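Here the structure is laid out as C-alpha cells; the discussion comes afterwards.
Quick note: residue numbers are just sequence positions, from 1. The structure displayed is predicted, hence computed values, not measured ones.
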Amino acid sequence: MRDHRRDGSSPHGNLPLELDAFVGRAAELAGLARALDAARLVTVTGAGGVGKSRLAARAAARCAPRDGAWRVDLTPVRDPEFVDYAVVEALGLTDHTTRLPRETLFAHLAERELLLVLDGVEHLVDACGALATDLLGRVPGLRVLAVGRRPLGVAGERLVPLAPLGTEEAVELLTARAAQRGLACGDAVDTGAEGVLRELCRRLDGIPLAIELAAGRLDALSPGQMLRRLDDRFRLLTGGDRAVPPRHRTLRTAIGWSHELCTPEERLLWARLSVFTGSFDLEAAEYVCSGDGLPAADVLDVVCALLAQSVLAREETPAGVRYRMLDTVRAYGADWLEATGDAARLRRRHRDWYVGLATWCELEWFSPRQREVAARVEAELPNLRGALEHCLAEPDEAHLGQYLAGALWFHWVGCGRLSEGRHWLDQAVRLDVEGPAGGRSRLKALWVLGHVAILQGDTAAALAALHECREEAERSRNPTAMAYVEHRTGCLALVTDDMPRAEALLRSALRRYRQIGELNTNVLMGQVELAMTRAFQGDLPDAVRLCEDVRQVCEDHGERWARGYALYVLAYAAWSEGDPVRARELLTDCLAGAHRFRDQLGSVLALELLAVVTVAEGDAAEAAVLQGAAGRMWPSVGLPLFGSAHYNAPHELCEATAREQLGDERYEEYVRHGARLGRAEAVTRALRRPGAAALPAPCRAGRPAPVDARSAKPAASSTRRGGETAG
C-alpha cells in the first residue's frame, strides 16, 4: 500500500477543487453536517442532476477528519466487482499481492480517521452497501458518505434527501453562470427580465443540471426565447410513460431539451460518444464516431459545439486535453444510440480503437515516449476496461480480449496495476479460442500471467501458466512464445534462489530473442535479471558489464523503466565492492524513476538497498527508518524480497548492524517511525536524505563488510563468465 496519489492530490484528501461558485444550499449543508456528526453512514439521495455530488463534496471538505476526505467516483464503474478496486485507486493505493482489494482497504484504513465519499452508487447499490457495511464494521475511525439516486438500504444508514433549488437560489445560480460567460443578465433578457428568469427556473424545477444546461445556451438564446422553446419540450418529454418516476421525467426534460436544441450532427455525435466510458480524446472521437452522416473532418467542430452547450466538459490531464460527459448525459445519448440500431457497430469501433491504442502503446513503451505512454494508458483505463469487458463477453472476440490483456503487460507490471492485470489475465486464459490468432493471443496472455504471478509471489499460479504456455508453444512451434516462457521461467528461478537454473534459462531466452530479432524492454529486463544471477553468484564484473550494456541501449532508445532496474543491479555491485557513494548516486536515480512510473516493486527494492547503503555510511538511525518505510510497502507488492535469501541478505545485514549500533529499543523506534511514512513521503525523504531529525540523534558506524545469501557476508569474487548482451 502507498500514500502516493495518482492524481497528485494531498495526502489528506482528494476532493476536487471548486472552479466556480457554490450557490445557495446553506440549510442543506448544515443538515448534512449534522447527519455526519450523528451517523457513520450517511447517504445523500435525490434526482439525477439535483446537485448531490457538489453538496457532498462541500460538506466533506468542511468536516474532513484527521486523515482527510476521499472521493470515489463510481460513475465509470460498470461491474460490481470493481467497486473495491475503484476505492483502492481513489485512495492512491497499489497492491501487487494476491489478496483481495477489500483486504488491502482493511489494512490501509485500520488506524486512520477519514471520510470516504462514494459518489454515484445508484447502479451499484448492493456492492456499495456490502463494502460500506464491511468497512464500517472493521474500521472504527471511518465514516462513509454515499451519494446516489437511491439509498444503500443497509443497517445504520442515515438518509439525507436533497430537493431541487428554491426559485431564488435557482435564479442566483443561473445569473452566476451567465456572469461566468461574460453575460450581464440585463443584456441577455427580454423586458421583464426578473420575471422571465424566475419563470424559467421554475419551469426547470430548480434542478441545477437543467439550469447549467440553460446557462450554456445564454450566448445563443435569451431566457425569454428559451422559455418559449422549453414550453414545447416539457409537454413532449413529460407526456410519455407515466410509470416513469417524476424525477426521471424531470431530468429527461432537462437533458432532452438540450438535445432538441442540438443540430442533427450534434445529436448524432452525442449518441455515438456514449460508447466511451470516462474521458476520451479527440482522436478517439474522430475514429470511433465518424462516418455515416458525420465526416471525420467535422468531428472537431461538432465537439466544440457540444462543449459550448455543456454537453461535454473539457479537462487538462497529464495525457493532454480530454473530454467528458456527465453520466446522465451519456445515458441519454446511449438511449438514442440504441434507438438508431447502431450501438453494436459503435461498440466494435470503440473496441478496435482501444485494441489499436494498446498495440501502439506496447510498441512505444520501448521509446523516448515511455512516460507519455504511461500517462496515456492511465487516462484511458476506463475505456480499456470497457473494451476488455466487451471482448471477453463475446465468444467471437475472445481472442481480442486475450490479446488486449497481454498487450497491456507493461501497464500491469510497470505502473502499479498487478492486481488488476491479474484479474483480466485470469479471465482471458480461461477462454478457449480456436484458430491461429487465438492460439497466439492466448500464449501471450499465459506468459504475461506467469510474469504477474511471479511478481505477486504466487509461485503455483506462475508455474501452472508457464507450463501450459511452454507445452502449447512447443506444440505450435511458436518461437516468440518459447523465448518469453523461458525468460519468465528464468525469473521464477531467480526469485526462488535457484541461480544456476535461472542463469541457464535467461541465457537461453536471450539467445532466442536474438534469433527472432526481438529487442524491447522485455529483452533488456532479461539481461538485467541475468546480471542479477551473476551478482548473486559473486561475479560482480560480469553483472556490471551486462547492466552497463543495458544502460547504453536504454540511453540510445530513450527507455527509462528497464534502465532503473539496471541501475539497481549496478548499485548492488557498487555497495558490495565498498563504494556507498556510488551506490547512493545510482539508487537515487533508480528510485526517482520508479516513483515517477508508480512502480511499487522498483521503489521498494531501491529503498531496501538504500537502507543498507545508509548504514554503511554510518547513519544507522536513518537506515532503520528506511527499513520501516520499505516494510510498510512490501505487503502491497507481494512476498517481502520475494522470500529470497539472496535478495534478503542486504536487509538482514542492515538490520543486524543497525540493531548493534542503536540497540533493539531505539532500532524498533526508528522502524516504527519509517512505517508511518506514506510512499510519497518515504521516497521524498530517501531522495533528499534528511537524517532522522524527528528522533534522537543517530549513532554512527563504519561501512559493514559485504554479504552473500548464505552467510550474510557477500562474495565479491572477480570470477567472470561470458554473458549475453542486448545490443
Side-chain angles (χ1 to χ4, degrees), residues 9 12-16 18 22-75 77 80 83-84 86-88 90-91 102 105-106 108-166 169 207-209 245 247 327-328:
S9 62
H12 302 295
N14 70 341
L15 297 177
E18 294 184 348
F22 186 91
V23 177
R25 298 292 199 193
E28 291 90 338
L29 274 171
L32 182 52
R34 289 192 297 269
L36 286 168
D37 284 338
R40 295 179 62 211
L41 173 59
V42 177
T43 301
V44 180
T45 60
V50 80
K52 301 183 296 295
S53 297
R54 189 76 183 269
L55 181 77
R58 171 59 69 102
R62 289 187 173 185
C63 68
R66 183 188 69 198
D67 294 305
W70 297 90
R71 176 178 178 265
V72 185
D73 182 9
L74 294 171
T75 54
V77 179
V83 169
D84 290 15
V87 178
V88 167
L91 290 172
R102 191 162 303 183
L105 292 173
F106 289 147
H108 175 74
L109 297 172
E111 299 179 4
R112 286 176 165 78
E113 294 178 10
L114 58 77
L115 176 64
L116 189 64
V117 182
L118 301 178
D119 196 354
V121 302
E122 55 268 0
H123 60 303
L124 300 162
V125 165
D126 291 342
C128 291
L131 174 63
T133 300
D134 284 357
L135 291 178
L136 291 169
R138 295 271 295 271
V139 184
L142 178 68
R143 285 181 291 165
V144 175
L145 175 56
V147 183
R149 300 183 192 182
R150 53 185 176 134
L152 299 180
V154 297
E157 182 182 30
R158 179 159 180 169
L159 299 182
V160 179
L162 185 60
L165 291 169
E169 287 186 339
I207 294 180
L209 173 58
R247 68 178 187 272
D327 192 52
T328 49

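- Contact record, L32 with A59: CD2-CB, 3.4 Å, taken as the closest heavy-atom pair.
- Atom CG of L109 and atom CG of L91 lie 6.0 Å apart (nearest 0.5 Å).
- Heavy atoms only, all atoms of each residue included: E111 and R66 are closest at O-NH2, 2.9 Å.
- Note that the CZ atom of R40 and the CG atom of L136 stand 4.5 Å from one another [nearest 0.5 Å].
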(request) Take L124 and L118, measure what side-chain contact (heavy atoms from CB on, under 4.5 Å) needs, and give me the verdict at the end. (result) CA-CA 10 Å; L124 300 162; L118 301 178; over 6 Å; no
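- Atom SG of C128 sits about 9.5 Å away from atom CD of E122, to the nearest 0.5 Å.
- At distances below 3.5 Å, at least one donor-acceptor pair connects side-chain atoms of E169 with backbone N or O atoms of R25.
- Nearest heavy-atom pair, A132 versus L41, reported as atom, atom and distance to 0.1 Å: CB-CD1, 4.4 Å.
- By the 4.5 Å heavy-atom criterion applied to side chains, L142 and L114 are counted as neighbours.
- More than 12 heavy atoms of other residues, nucleotides or ligands lie within 6.0 Å of CG in D134, so this atom counts as buried by the packing criterion.
- Here the side chain of R158 pairs no donor or acceptor atom with the backbone of V42 at under 3.5 angstrom.
- Taking every heavy atom of both residues into account, C63 and R143 meet most closely at O-NH2, 3.4 Å.
- Atom CZ of R58 sits about 6.5 Å away from atom CG of L29, to the nearest 0.5 Å.
- Nearest heavy-atom pair across G120 and L74 is O-CB, 3.5 Å.
- What you find for A57 and L15 is that their closest heavy atoms are O-CD1, 3.8 Å.
- The OG1 atom of T45 sits 8.0 Å away from atom NZ of K52, with the distance rounded to the nearest 0.5 Å.
- In terms of modelled atom types and a separation under 3.5 Å, the side chain of N14 and the main chain of R71 share a donor-acceptor contact.
- Judged by distance alone, the side chain of R102 and the main-chain N or O of D84 form no donor-acceptor pair under 3.5 Å.
- In this structure, D119 and T75 have side chains that are not in contact, with every pair of non-hydrogen atoms separated by 4.5 Å or more.
- Between L116 atom CG and L131 atom CG the span is 7.5 Å, to the nearest 0.5 Å.
- For the pair E157 (side chain) and L152 (backbone), a donor-acceptor distance under 3.5 Å is present.
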(request) Step by step, work out the side-chain contact (heavy atoms from CB on, under 4.5 Å) result for L135 and F106. (result) CA-CA 7 Å; L135 291 178; F106 289 147; 3.6 Å; yes
